[in-house]
Structure formats: C-alpha cells, structure tokens
Student: 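So that we are looking at the same thing, I have put the structure below in structure tokens.
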2 protein chains.
Amino acid sequence: MTAQQDIHSSGIPVLCLSCEGRHRGPCGALDPDHLVGLAKTASRHKVEPGVKLVGEAETVDSYSNVLSGVVKLTKTLSDGRQQIVGLQFAPDFLGRPFKMDSPINAEAATVVSLCSFPKAAVVRMMKDAPEFERRLFKQALVELDAAREWMVTVGRKTASEKVASFLLMIARSIDRTVDPAAKSACFDLPLTRGDIADFLALRFETVSRQLTRLRADGIIRIENNRHVTVDSMSGLERRCGG
Amino acid sequence: MTAQQDIHSSGIPVLCLSCEGRHRGPCGALDPDHLVGLAKTASRHKVEPGVKLVGEAETVDSYSNVLSGVVKLTKTLSDGRQQIVGLQFAPDFLGRPFKMDSPINAEAATVVSLCSFPKAAVVRMMKDAPEFERRLFKQALVELDAAREWMVTVGRKTASEKVASFLLMIARSIDRTVDPAAKSACFDLPLTRGDIADFLALRFETVSRQLTRLRADGIIRIENNRHVTVDSMSGLERRCGG
DNA sequence: AGCCCGCCATGATCCAGGTCAAGGCTGGCG
DNA sequence: CGCCAGCCTTGACCTGGATCATGGCGGGCT
C-alpha cells in the first residue's frame with residue numbers, strides 16, 4: 001500500500017480496513033464517509049456448515065458479504081429433489097436486490113463468515129453510491145454467465161466430464177491468486193459428495209465412482225475425503241469435454 | 001392515455017411512440033431528450049429464423065431491444081453438443097454490458113424484429129440515466145432467476161416433467177396479458193422439436209414422444225406441428241413435478 | 001410436376017447412470 | 001471405552017432416455 005492510499009484510508013472504519021468485502025468486493029466502491037455509515041449498521045457472524053442463511057420464498061431483511069468460506073444456493077422440488085444453482089465465495093454479495101423474498105435457499109457449505117447489513121442500509125447505499133450499485137450489477141452478470149455455463153455442464157456433459165469440470169472450477173475459485181496455467185493445484189473440497197451430486201445433477205455414488213476413476217488414472221490424489229491434490233491440471237482439463 | 005401523458009409524449013421520437021422497448025422495456029426509463037439522442041443512432045431490423053445475431057466469444061459493438069419474436073441464447077461444446085441457456089422475448093434487452101465479447105450465441109428462433117444501438121450509445125445512456133442502468137440490472141436479475149429455475153428443470157426433472165414445464169413457460173411468456181389462472185391456452189411454439197430438446201437437455205425424439213403422450217392424454221392438441229392448444233392447464237401444471 | 005430437404009413420428013435396441021445393498025472409516029458423545 | 005450417525009466406497013442390477021432406423025409430410029425450387 002502506498003503512502004497516498006495510507007492517507008486516504010485514515011477515515012476508513014477499522015472493521016473495514018482489511019476486509020475482503022472492501023478489498024475486492026462491493027464495498028470497494030464506497031468512500032470513507034459511506035463506509036462509516038454502513039459500518040455502523042453492519043454485524044459480523046461466523047456460521048457452521050449446514051446453517052440455513054436464507055430460505056426459499058422467505059422474506060429477507062438483510063443482505064451480506066461473504067468474507068470467507070463457501071455458500072451454496074439451492075432450489076428444491078416439492079418431493080425433495082434438490083439442485084444447487086450456484087456457489088458463492090468471498091467476497092461475493094449475498095442477496096437478491098429489488099425483491100422482497102429470495103427465489104432460492106442459501107446455506108453454509110463450510111464454516112462461513114459474513115458481514116451483514118439491514119436491507120434498508122444497502123438500498124440507501126445503492127441510491128447514494130452509483131458505483132456500489134454498479135458493482136452489484138456486475139456481480140449479477142458474472143453470476144448469470146456462471147449459471148449459463150453450468151447449464152451446459154449439467155445438461156450436456158457426461159458424469160466424468162461433470163466431475164472434472166467441477167474440480168477445475170473449484171481449483172480456480174478457491175484460490176484466485178493461483179496461476180491459472182499452473183501444472184498442479186491443491187485445495188480442500190468445500191462440498192460433500194452429496195453436495196457435489198446436487199450441483200452436477202448426479203447421485204453421490206456416481207460422483208464417488210468418478211473421483212475414484214480420476215484417482216486411479218493418476219490425475220488427482222485425495223486425503224481425508226476432502227483434501228484434493230491435482231497432479232495433472234492438463235489431464236483434468238482434457239476430461240472436461242470442451 | 002391521459003391528456004397529461006399526451007402532452008409529455010409530444011417530444012418523443014415517432015419511432016419510439018408505440019415501441020415495446022419503451023412501453024415495457026428499458027427505454028421506458030428515458031425522458032424525451034434521451035430518447036431523441038438514442039433514436040438518432042438506432043436502427044430497426046427484421047431477421048429470419050436461424051439468423052445468428054451474436055456469436056460466442058465474438059466482439060460485439062451493438063446492443064438491441066427485442067421488439068417481437070423469440071431469440072434463443074445458446075452455448076456449444078467443441079464436439080457440437082448444444083444447450084439453449086435462455087430465451088428472450090419482447091421487450092428484452094439483448095447484449096452483455098461491461099464486456100467486450102459475448103459469452104454466448106444469440107440466434108433468431110422465429111422472425112425477430114430488433115431495435116439496435118451502437119454499444120457506445122448504450123454505455124453513454126447508462127451513465128446519463130441511472131434509471132436506465134437500473135432497468136438493465138433488474139432484467140439481468142430476472143434472467144438470473146430464470147436461469148436458476150431452468151437449472152432445476154434440466155438437472156432434476158424427468159423428460160415428461162421437462163416438456164410440461166416448457167409448455168407452461170411458453171404459454172405464460174408468449175402472451176403476458178393472458179390470465180395466469182386461465183383454464184386453457186393457445187399459442188404457436190417458437191421452437192422446433194430440436195430446439196426444445198436443446199433447451200431441456202433431451203433428444204428431439206424424446207420431446208416428440210412426450211408431446212405425443214400429452215396429446216394422447218387429452219392435455220394438449222397440436223396443429224401443423226406448431227400451433228398448440230392446452231385444453232387442461234391444471235393437467236399440465238400437475239405434470240411439471242413440483 | 002418431380003425432386004429435395006428440413007422437420008416430425010414411432011418402433012427396436014442399447015447403455016450411462018440411477019437404484020439397491022453391504023460395509024468401512026471417523027468423530028462425537030454417554 | 002463402545003455406540004451411533006454421517007459420510008464415503010464399491011458391487012450388482014435395473015431403467016429412462018439415447019441411439020439407430022424407417023417412413024411420412026409439407027414447402028421451396030427447377
């Protein structure tokens with residue numbers, strides 16, 4: 001950080017100083033005055049895996065930034081069939097602007113830390129800081145691109161291609177600093193086999209079998225069911241099905 | 001239209017007066033001055049089914065409003081497998097703000113009429129008229145909701161439920177004035193069997209068989225392969241699978 | 001007219017992934 | 001410690017939808 005930026009940061013609330021939501025997220029659009037106003041209404045939480053954050057068709061009165069961990073967005077049919085329709089990582093903004101109720105469920109997939117704001121404070125910020133609204137707009141478009149990308153995967157790829165595509169996506173999302181052209185990667189799966197199945201529209205047995213196959217073929221190693229080492233990124237890419 | 005509105009409309013370009021893009025679309029956010037500026041750069045087209053409007057990964061230098069007809073948004077894997085990831089009806093805005101190139105293909109599914117603008121004109125309008133940008137934001141969120149809704153359908157429903165859900169969606173999209181609680185409906189399918197298959201992640205033979213089944217069960221009638229009459233909306237809803 | 005081409009329907013067969021079943025591993029808790 | 005619950009793996013078998021094949025229908029072109 002340069003001296004110039006240091007001076008500018010003098011008015012920034014302590015809470016926000018090293019916050020992901022400001023560093024790369026929507027709050028980065030706000031000047032110190034706005035941040036002070038918003039920070040007064042903000043509250044931080046840490047929630048355990050499995051905790052429901054927002055219910056489908058539920059009225060929502062707060063929005064949040066994801067500061068760490070992974071949130072899964074799901075939809076469920078009346079007979080229990082479930083589909084994960086999106087994943088959110090830090091510093092994504094969690095919530096549906098311009099609507100009273102959420103069209104989806106949001107649930108912590110891992111330990112998640114959040115910075116929550118009353119809905120009204122966010123609405124005001126969107127009015128007062130056009131660049132803030134614009135960041136939310138941009139995130140919505142990125143999520144739309146991602147949702148459409150996954151429609152192709154869910155609709156048209158084979159089980160083997162789906163699992164490879166998922167691993168590649170996670171490898172690239174978990175640590176965005178990693179060289180995208182790296183030969184290998186290493187990360188903790190944020191989802192159980194069952195969750196991965198709900199994301200890819202498979203059964204957990206099928207996910208398990210495909211992971212076993214990737215392991216047998218020397219593409220990946222798995223420790224403790226969760227920790228994955230990708231030994232051959234190129235091998236993984238070749239299995240994603242164009 | 002009241003006298004008051006009549007007076008206000010006096011400065012509106014003739015082209016825009018009865019335009020769907022202004023009536024219910026993004027241009028409704030613009031005042032006469034803005035409309036005049038935008039209309040100077042606008043051009044209207046009519047294109048035949050099958051005409052490619054935007055290519056995947058192609059640089060785009062114009063945006064459009066859909067004034068009539070249906071546009072399909074597709075993604076294709078390198079080996080030709082295709083998925084329709086969205087449909088656009090009047091008065092949807094066609095184009096990806098904040099990006100040089102489109103992440104998807106857009107193709108006319110029916111005869112489509114468009115009102116196109118140079119990209120720069122739209123970018124300027126987003127700066128000058130915050131309410132215009134907000135409308136585009138809202139449309140993006142509606143498209144995101146729709147994409148997620150279809151992820152559930154594509155991923156978790158059976159072939160029979162998929163086709164029923166598709167017919168219901170079309171019945172409700174084609175004529176938005178129709179009573180959503182109506183007992184029956186009547187419309188032209190904007191897509192071929194093959195297109196419907198690409199939308200639902202099925203094969204066209206499967207779509208054909210499911211339509212035959214709905215016909216045999218007295219839920220729908222089909223004339224000329226395209227014109228559908230839904231005799232039992234409730235029967236169709238019951239087959240959508242929650 | 002006669003031909004071709006795109007679209008659709010339907011039957012026969014196949015197979016990827018779903019379903020059912022059995023067992024292992026790990027961590028929390030009485 | 002022993003028990004239980006959640007998660008994972010693997011095997012055996014089944015089935016919904018894909019694939020392959022055949023033919024009909026309608027509209028445009030020569």
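Every chain is numbered from 1 and lettered A, B, ... according to where its sequence line falls, protein lines coming before strand lines. Values below: all heavy atoms of this structure, side chains included; hydrogens, waters and symmetry mates excluded.
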Student: Taking everything shown except B:K46 itself, do over 12 heavy atoms lie less than 6.0 Å from its NZ?
Tutor: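 Incorrect, the count does not exceed 12.
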Student: Taking heavy atoms of chain B and a 4.0 Å limit, find me the 5'-most and 3'-most nucleotide of DNA chain D within that range.
Tutor: D:dG17 to D:dC20
Student: Can you give me the first and the last nucleotide of DNA chain C (5' to 3') that has an atom within less than 4.0 angstrom of a non-hydrogen atom in chain B?
Tutor: C:dC8 to C:dA12
Student: Look at all strands and tell whether A:L211 reaches a base, only sugar-phosphate, or nothing, counting heavy atoms closer than 4.0 Å.
Tutor: nothing
Student: Pick base, sugar-phosphate or nothing for A:A197, based on heavy-atom distances below 4.0 Å to the nucleic acid.
Tutor: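 The residue A:A197 makes no contact with any strand.
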Student: Between B:R209 and B:E205, is there a side-chain N and carboxylate O pair less than 4.0 Å apart?
Tutor: no
Student: Could you give the distance from SG (B:C186) to CZ (B:R221), rounded to the nearest 0.5 Å?
Tutor: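 Atom-to-atom, B:C186:SG and B:R221:CZ are 8.0 Å apart.
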Student: Going by heavy atoms in the side chains, are B:I222 and B:H227 under 4.5 Å from each other?
Tutor: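 Answer no - side chains too far apart.
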Student: Please figure out whether A:R209 or A:R156 has its closest DNA chain D nucleotide nearer the 5' end.
Tutor: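 First, find each residue's nearest nucleotide; the 5'-ward one identifies A:R209.
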Student: CZ/A:F199 to CE/B:M151 distance, rounded to the nearest 0.5 angstrom?
Tutor: 5.5 Å
Student: How bent is the helix from C:dA1-D:dT30 to C:dG30-D:dC1, comparing axes over its five end pairs at each side, to the nearest 10°?
Tutor: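 Its terminal axes enclose an angle near 30°.
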Student: Supply the atom-to-atom distance A:L53 CG to A:S62 OG, rounded to the nearest 0.5 angstrom.
Tutor: 9.5 Å
Student: Pick base, sugar-phosphate or nothing for B:R213, based on heavy-atom distances below 4.0 Å to the nucleic acid.
Tutor: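 Nothing: the residue B:R213, judged by heavy atoms under 4.0 Å, touches no strand.
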Student: If you measure from CG on B:L144 to CZ on A:R96, what distance do you get to the nearest 0.5 Å?
Tutor: 7.5 Å
Student: Flag the pair A:R172 and A:E237 as a salt bridge only when some basic side-chain nitrogen lies within less than 4.0 angstrom of an acidic carboxylate oxygen.
Tutor: yes
Student: Quick one about B:S68 and B:S113 (side-chain donor to acceptor, distance below 3.5 Å, no hydrogens or angles considered), yes or no?
Tutor: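 There is such a pair between these side chains.
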Student: Between B:D198 and B:K72, does any NZ, NE, NH1 or NH2 come within less than 4.0 Å of an OD or OE carboxylate oxygen?
Tutor: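 The answer is no: the pair does not qualify as a salt bridge.
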